[in-house]
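All ligand and atom numbering here is 1-based and tracks the order in the structure. The model shown is predicted, which means the values in this text are computed figures rather than measured ones.
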Amino acid sequence: MKYIPTIGLEIHAELKTKSKMFCSCLNDSLQQHPNVNICPVCMGHPGTLPVANEDAIKKVMQVGLALGCDIPAKSKFDRKNYFYPDLPKGYQISQYDMPLCKGGKLRNINITRVHLEEDTGRLAHPAGVNYSLVDFNRAGVPLMELVTEPEITSAKEASAFAQELRLILRYLGASDANMEKGQMRVEANVSVRPEKQKVLGTKVEVKNLNSFRSVHDAIEFEIKRQTEALESEKKIIQETRGWNEQKGETFSQREKEEAHDYRYFPEPDLPMLSFAKEEIQKIQSEIPELPQRKRKRFAEEYKLSEKEIEVFVQNKDIGEYFEKVVSELGENLKPEKLQRKTKLSANYILSDLLGLLEGASVEGEDFLITPENFAELVNLIDQGAISSAIAKQALREMFATGKDPSNIIQEKGLEQVSDASQIQEIAKDIISKNPKAAEDYKKGKQNSLQFLLGQMMAATKGTVSPEIAKKALLDIL
Ligand SMILES: [Zn+2]
């Protein structure tokens, strides 16, 4: 019998706001000292009142609009009641039946809802002692939760969905969404059913997935585990499972609570939210170009390969730098010429410049190559004024000093030598200095020609094109 997996995702992302969700404490996920960004509100002291963070609401609405969600005119906050040491109030302010965003789609997967809530504190369990520690810096940090319909059918698709969402969150500036730092957390609901069965199988919720690899591997493991259980006619229990990265296995944590266990009720200390059409339109109008549109535009405008485009889309600042370089390549260029120079720019940015940057950004103060200078380098290569070896050398120098390429080439005497008689002179000189190699070549030793060519390239610091140098040597030999 064939089995079909069904996966739904619940993705939490910490929003990049200045302050927390319901108080004015700093929202700083990098804070190393415990319990410094706290106040009576986020510590749940009696008599304190929450005030909703407008920026957090706008950010979630913008995410919703970017995903094509419907933004209802009214929305409200609810209390989700449960006890846990990282939750000082004894309840979490979340959204139950009136979320900020409903519907929407990403990578052809329907989105159920996107809502806003607050994060909890962090627990630490030091080894060898009989107590745990709690840090409330994260308590009350605005958290977005996105829930998909159970429509994903493979681990690969689930991981791709999460990656694309992360990219969109970053483009919007809604969240840094770094999974390793816990700024984005994925839970996967996985079930398996026999092909002919219409109703979904019993679902298992896998938590603590803190990398895209874990998302992929944990889902793959669950599909296999559940399929094998069904094949041997074992029952699958509805439960929450954790992911053990070292063992590459999921493990049972606890049987799942039902929603009514949380005793959701409307948060009485916060008013109902209501939005005018114009407000929603304004938020929509502030959405920047998103990855999918950028892919399309880069394909149409610059005729780059899918692989090249993806690097520019994934590294937004590099993509923007590339576009600035292209805009500096010259005015009123013929389409073929512009196309050729655009391709050259992409090549040098994606291979040589990225190599020099090694993960650093082109936005920092340390980055010295202006788009004008980069475009000038590309023009010099395109005109044949410098070889690709010289271009690489000049680029390293530009990266280190910020000087413009023409100056570097002049200062270092790196101009391409194209004068035939000059090249012939150099070739003659090399042969007269290496008589043995010349003799050996005449006796049929091909390697000797390579040696002479190497000598010639060294003597000219690569300013002669290897083909022309080789021809000049052969003429004399
Ligand atoms: Zn606070």
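Annotation: protein N, O or S atoms under 2.8 Å of the Zn ion (ligand 1) (waters excluded) comprise Cys23 SG, Cys25 SG, Cys39 SG, Cys42 SG.
Contacts classified as salt bridge (Lys or Arg N to Asp or Glu O under 4.0 Å) and involving residues 359-370 (residues at least two apart or in different chains) are not found. Legend: salt bridge (Lys or Arg N to Asp or Glu O under 4.0 Å) pairs involving residues 33-59, not counting sequence neighbours, sorted by first then second residue: Glu54-Lys58, Asp55-Lys59.
Side chains of Leu353 and Ile369 form a contact here, defined as non-hydrogen atoms less than 4.5 Å apart. Residues Leu26 and Ser19 fail the side-chain proximity criterion, which asks for heavy atoms closer than 4.5 Å.
Ile152 pairs in a side-chain contact (heavy atoms from CB on, under 4.5 Å) with only one of the listed residues (Ile219, Thr6, Asn189, Leu9), which is Leu9.
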Please tabulate, for side-chain N and O atoms in residues 34-49, each donor-acceptor pair with protein atoms closer than 3.5 Å (sequence neighbours left out).
unit_1	atom_1	unit_2	atom_2	d
Asn35	OD1	Phe136	N	2.6
Asn35	ND2	Val134	O	3.1
Thr48	OG1	His45	O	2.8

